[in-house]
Participant: 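Structure provided below as structure tokens; questions to follow.
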Amino acid sequence: MESKKYTIKKSVVGEAERRVFKINYERDLNPDQLEVVRTIDCPVLVIAGAGTGKTKTLIYRVAYLVELGGNPRSILLLTFTRKAADEMLKRAASLLKSASAEQVAGGTFHSFANMTLRQHAKVLGYGEQFTILDDSDAADVVNLLRTRLRPEKKSQRFPKKETLIDLYSKSENTLTPIEEIVFKEYPRFIEQMEDILKLKRQFDEYKRKYNLMDYDDLLKNLKELLSQNESLRKTVAGKFNYVMVDEFQDTNKVQGEIVRLLGMDKENVMVVGDDAQSIYSFRGANFRNIFEFPNYFPGCKVIKLTENYRSTQGILNFTNKVIEAAKEKFDKELYSRKKAGDKPVIVAAETENVQSKFVVQRILELREAGITLNDIAVLFRSSYLSFDLEIELTRANIPYVKFGGMKLVDAAHIKDIISFLRVIENPRDAVGWHRILLLHPGVGPRIAEKILDNLTSQRAENIPAPEEHEAKIPSSAEELIGFISEEGRRKSQPVEYVESVLRYYQPLMQSKYDDYSKRQKDLEMFASIAERYKSLQSFLSDLALEPPTESVVDLGEKDKKEEQITISTIHSAKGLEWNSVFVIWALDGKFPSMYATDDDDAIEEERRLMYVACTRAKDNLYITYPMNTYDRESGRIFTKPSRFIDVVPQDFYEKWNLVFE
DNA sequence: TGAATATAAATTTTT
DNA sequence: TTTATATTCA
């Protein structure tokens, strides 16, 4: 007898399911995704492999919550970059055909911390107009204190400023004592332990005294705020009925704590992550946060997304093999319903330049085959690895944008301008003062420090008139002090400050840099960015937390509508996808980098990095390496392909040998 | 004697 | 492009 299918409808139909939705969730999502979207009354941990529609699921969940009638402002979406948050909210809004989703509170942990701390900094003994130090600013401070601490050089070698910053940052982000890290990772500096600890104390004191916070302080202080003051925690956390965190595998311990503190009352947290894509441990990220989540939130539901919608099965077979070799991972074999497609291609080029030429030629062929340039990307381990390629691309007239590496705000002349603005906003910003004082003839580190001492000891908020200073100070520096105090008294738009600073800076720049006309363009660009802001404070915060991504190279004449390929570091390619992807420099010694070869954890991270790179591809994946590379550092010649692709069996890829006509 | 400038060396990934 | 060291200047 023929049996008939009869489905029993869910007998308990919640309020949510009875209402009429604008969006057809059942049609648009697969069952796992649907469950993620509809589970809103308990903590949720989503393990989402590469390309499994993680972003889509988040967008639908935001839309769903908004459709349920919740106030969008009571939803908090924490993402890895603010661009990602904006993008998601925009897509949610267009799904709903209403702008209400754009009111959802979204951003990075750092920008969220910034917002919250601006309101409550007083509780921690900070002023609300604190300045955010970027990495190089923090390094400058450490350097200043470092030379002060050790005036005459002792026989022993003391860690360089970058090493110190690294060390301190790791300690803060992993909640590990400095001693332990020195013992484990920098045993050669054990002897200097005392000075290292002392310098850290001075560093913290300095920042507090001058009202400065570095990236780590933002997180640390937010955590402190939430954990030490119960009523304040209730106020802050109470604003959010739902908290969602993207890229949870790349959060560190402090961020994990913040999530816990925000979610502990309402049990309303959802996090999404993939342990196989954790690539930020150098910054203190720990993918084990994912596995500890159920301990923090005992009632949590774990949902796995394993159907891949991005890549062909041919590419997936390959990437599954790449990650299979990982030491510690969670088994989840990804599968796809897309056609088998072409196998990935591995190309051994003779030299770097041959590699570049291959990439260029292949891009042109793909273009011929109808793939738009916007759907092609070239990825690499370190930003300098693309230099040769960039030359060839330019020669072939292929337009490109580069992500990662040098940013507009890293350029020396832009940092100068920013320092002026920072000092106007926060007169206690010693780092900014230091930088702009040194621009003036006759002022070196010593005199700058003297001037700073005068400024800070005599004044709380206002800058004294120049006459009060000792005669030693060069007239140019007095002029500067006069200029800043005048600007500080004005209340104007950011762009007006920028314009007057530019007028002041012009002669200084012309004497400092020979190529000032080139730099002039950057300054104009900078002024036009300033136009978008209403307050100097928000402008400066954004510059530190979410700097404009365009590198100096591609500013200017670029037409936005023009088709262009993307070239990017793998780190900056996180979360993105293209039809065709080239991974260049897959050469053992460069990728994994030499630095990593003697550390198991580092090797594992590099492996995940390779995995992330390869899983960006939808249809075509090319992996190339130059066979003849002389490494100046070690004096060795690298010839082998990356060990991460070498472990993949031959029949999972094609090998192309380059022949010249 | 101390501070400014000229010279030489070196370079992962990012909020 | 930036940073440690050597040299010159007041």
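Convention: sequence-line order gives letters A, B, ...; per-chain numbering from 1.
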Participant: Remember a base hit wins even if backbone is also touched, and classify A:D134 as base, sugar-phosphate or nothing at under 4.0 Å, heavy atoms.
Facilitator: nothing

Participant: From C:dT3, C:dT2, B:dT15, pick the nucleotide closest to the side chain of A:T81?
Facilitator: B:dT15

Participant: If you check every side-chain atom of A:E162, which of B:dT15, B:dT12, C:dT3 has the closest atom?
Facilitator: C:dT3

Participant: Could I get the full list of ring pair (Phe, Tyr, Trp, His ring centres under 6.0 Å) partners for A:Y625, not counting sequence neighbours?
Facilitator: none

Participant: Check for a donor-acceptor pair, side chain of A:S642 on one end and backbone N or O of A:F644 on the other, with a separation under 3.5 Å.
Facilitator: yes

Participant: Of A:H440 and A:L219, whose nearest nucleotide on DNA chain B comes first from the 5' end?
Facilitator: A:H440

Participant: Report, one pair per line, the protein and nucleotides 1-3 of chain B atoms (nitrogen or oxygen only) whose separation is under 3.5 Å.
Facilitator:
from, atom 1, to, atom 2, distance (Å)
B:dA3, OP2, A:R446, NH1, 2.3

Participant: Identify which nucleotide among B:dT13, B:dT14, C:dA4 has an atom closest to any side-chain atom of A:S572, counting heavy atoms from C-beta outward.
Facilitator: B:dT14

Participant: Within this structure, what is the CZ-to-C1' distance between A:R381 and B:dT11, rounded to whole angstrom?
Facilitator: 14 Å

Participant: When the distance from CD1 of A:I165 to C1' of B:dT12 is rounded to whole Å, what number comes out?
Facilitator: 17 Å

Participant: If the condition is ring pair (Phe, Tyr, Trp, His ring centres under 6.0 Å), which residues does A:Y215 pass it with, not counting sequence neighbours?
Facilitator: A:H110

Participant: Please state how far atom NZ in A:K253 lies from atom P in B:dT15, giving the value in whole angstrom units.
Facilitator: 24 Å

Participant: Who passes ring pair (Phe, Tyr, Trp, His ring centres under 6.0 Å) against A:Y533, sequence neighbours left out?
Facilitator: A:F539

Participant: Of the candidate nucleotides B:dT12, B:dT14, C:dA4, which contains the atom at the shortest distance from the side chain of A:K160?
Facilitator: C:dA4

Participant: Roughly how many Å is it from CG in A:L385 to P in B:dT11, rounded to a whole number?
Facilitator: 15 Å

Participant: Considering only B:dT15, C:dT2, B:dT14, which nucleotide approaches the side chain of A:T108 most closely?
Facilitator: B:dT15

Participant: Can you list the residues that meet the side chain to side chain donor-acceptor pair (under 3.5 Å) rule with A:Y280, with sequence neighbours excluded?
Facilitator: none

Participant: Report yes if a side-chain nitrogen or oxygen of A:S383 is closer than 4.0 Å to either non-bridging phosphate oxygen (OP1 or OP2) of B:dT13; otherwise report no.
Facilitator: yes

Participant: Looking at every strand, decide which applies to A:Y280 at a 4.0 Å heavy-atom threshold: base, sugar-phosphate, or nothing.
Facilitator: sugar-phosphate

Participant: What pairs with A:K253 under side chain to side chain donor-acceptor pair (under 3.5 Å), at least two apart in sequence or on another chain?
Facilitator: none

Participant: Taking the side chain of A:K161 as heavy atoms from C-beta outward, which of C:dT3, B:dT14, C:dA4 is closest to it?
Facilitator: C:dT3

Participant: Kindly point out which of B:dT14, B:dT13, C:dT2 is positioned nearest to the side chain of A:A412?
Facilitator: C:dT2

Participant: Quick test of your reading of the model: are A:D204 and A:K207 salt-bridged, counting only N-O distances below 4.0 Å?
Facilitator: yes

Participant: Rounded to whole Å, please give me the gap between NE2 in A:H571 and C1' in B:dT12.
Facilitator: 8 Å

